[in-house]
Amino acid sequence: MSFGEEIITWYNKNKRDLPWRRVSDPYKVWLSEVLLQQTRVDQGTSYYLKFVENFPTVWDLASATEEQVLNLWQGLGYYSRARNLHFAAQQIIKEFNGVFPNSYKTILTLKGVGDYTASAIASICFDEEVAVVDGNVYRVLSRYLAIDTPIDTTEGKKLFKKLASDFIKGHNPSEFNQGMMELGALVCTPKKPNCENCPLSNSCESFAKQTMLDFPIKAKKTKQQRKFFNFLVINNEKEEYYFEKREGKGIWQNMYQFPLIETPKELGELSRTGLTVNKVSLPVKHVLSHQIIFAKFWECSIQTKEFNPESNWELFSVEQLEEKPLPRLIENYIPKLVKS
DNA sequence: TACCCGTGGTA
DNA sequence: TTACCAAGGGT
């Protein structure tokens with residue numbers, strides 16, 4: 001059997017029964033693909049079910065507010081995906097009259113849809129012969145051919161797209177693409193590849209040399225910057241708390257947090273006119289892909305005469321917060337408010 | 001192009 | 001405990 005035949009035969013025998021594999025609606029396939037970007041199936045599945053239930057059609061998604069979409073996305077991370085998803089739903093209504101675009105080229109014009117996602121939808125829903133290249137495909141191909149070109153370079157991306165495009169030729173595009181990813185997810189795994197049960201081990205270059213774990217090669221390492229966040233936890237006599245909406249370009253855009261004071265180092269003492277600090281949390285370490293945040297929560301009470309809230313601060317009860325999109329760091333602190 | 005964007009699981 | 005990384009995309 002050819003490479004592609006091996007992949008497809010193995011896939012049809014070993015594929016998992018996943019919710020988005022039971023549907024043919026390109027809208028739902030799109031939802032699943034965006035939800036699973038840089039996200040494990042175990043982590044994304046419950047979100048997929050929530051989204052399909054709350055927004056059964058692209059019209060429902062487009063009609064929602066961004067805040068509703070972000071709120072449903074809460075906890076999954078990479079929130080630009082949610083904002084772009086909402087934007088793209090409105091694109092589909094306006095530019096495509098509510099009919100999901102049906103080719104790689106047109107799907108690619110949707111916000112938040114790049115080469116991978118456009119290839120996935122076009123192949124799975126419309127049988128277009130375009131190869132997906134995701135983390136799984138990089139791993140499978142780099143090991144199979146023992147390719148030492150780094151995958152995180154322009155040259156590497158171009159090379160692997162070309163290789164996958166050559167391998168897919170003449171095969172069922174949907175089954176080939178999903179088979180490549182499924183093999184990477186279940187057999188050709190990052191740490192302990194199960195080569196004994198791999199349909200390609202006979203002809204795998206790295207298996208022959210037992211160098212599977214040397215691939216794929218990456219050129220860069222991500223560096224994490226340390227940051228010090230101080231959140232002002234201020235409540236009034238009605239047990240409401242001040243919050244602010246994050247704006248601008250950075251992390252957690254359009255999501256809510258306690259009023260923030262960022263400092264270059266850990267803050268030992270906080271003084272602000274009209275506020276008395278009652279309690280301060282130990283630093284909470286919150287690790288992100290490019291930052292490590294050390295957050296202190298300063299629980300304050302108001303000295304009514306001199307206190308002057310900023311104009312962008314809003315008061316919410318704990319109940320009202322249910323409908324506001326919160327970063328995990330903030331969400332995790334809410335139970336402490338109810339206790340004390 | 002290099003860098004930014006989250007969260008949680010694993011060894 | 002650190003390092004890696006999971007169905008990537010935007011700027």
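Keep in mind that what you see is a predicted model, and the values were worked out from it rather than measured.
The one candidate from A:Trp313, A:Phe229, A:Phe243, A:Trp298 that meets the ring-ring contact (aromatic ring centres under 6.0 Å, His included) condition with A:Phe258 is A:Phe243. Tested against A:Tyr242, the residues A:Phe231, A:Phe307, A:Tyr256 include a single ring-ring contact (aromatic ring centres under 6.0 Å, His included) partner, A:Phe307.
Distance noted for atom P between C:dA7 and B:dC4: 24 Å (whole Å). Here, B:dG9 and C:dG9 have their C1' atoms 23 Å apart, quoted to the whole Å.
Residues A:Ile93 and A:Phe51 share a hydrophobic cluster, clusters being chains of Ile/Leu/Val/Met/Phe/Trp/Tyr side chains in contact below 4.5 Å. Note on A:Val132: it clusters hydrophobically with A:Ile7, by side-chain heavy-atom contacts below 4.5 Å among ILVMFWY residues.
Comment: A:Arg272 does not engage A:Glu306 in a salt bridge, judged by the lack of any side-chain N to carboxylate O separation of less than 4.0 angstrom. With respect to A:Glu129 and A:Lys169, no salt bridge is recorded, no charged nitrogen being found less than 4.0 Å from a carboxylate O. Note on A:Arg16 versus A:Glu182: salt bridge recorded, some NZ/NE/NH1/NH2 to OD/OE distance being below 4.0 Å. Salt-bridge annotation for A:Arg143 and A:Glu205: absent, with no side-chain N of the basic residue lying under 4.0 Å from a carboxylate O of the acidic one. A salt bridge links A:Asp17 to A:Arg22: one of the charged nitrogens lies within less than 4.0 Å of a carboxylate oxygen.
The footprint of chain A on DNA chain B, defined by a heavy-atom cutoff below 4.0 Å, extends from B:dT1 to B:dT10.
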- Task: Produce a footprint string for nucleotides 4-11 of chain C: one letter per nucleotide, 5' end first; B if the base is under 4.0 Å from any protein heavy atom, S if only the sugar-phosphate is, - if neither.
- Result: BBBBBSSS
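Between A:Ile292 atom CD1 and C:dA3 atom C1' there is a gap of 11 Å when expressed in whole angstrom units.
Place A:Pro327 and A:Asp152 on DNA chain B by their nearest nucleotides, and A:Asp152 ends up nearer the 5' end.
Aromatic ring centres of A:Tyr144 and A:Phe3: separated by under 6.0 Å.
Base contact: A:Leu76 has a heavy atom under 4.0 Å from a base atom. At a threshold of 4.0 angstrom between heavy atoms, the contacts of A:Gly250 are confined to the sugar-phosphate backbone, with no base atom among them.
In this structure, A:Phe55 and A:Leu31 have side chains that are not in contact, with every pair of non-hydrogen atoms separated by 4.5 Å or more.
Taking a pair as Watson-Crick or G-U wobble with both distances under 3.5 Å, DNA chain B forms stems of 3 or more consecutive pairs at B:2-5 with C:8-11, B:7-11 with C:2-6.
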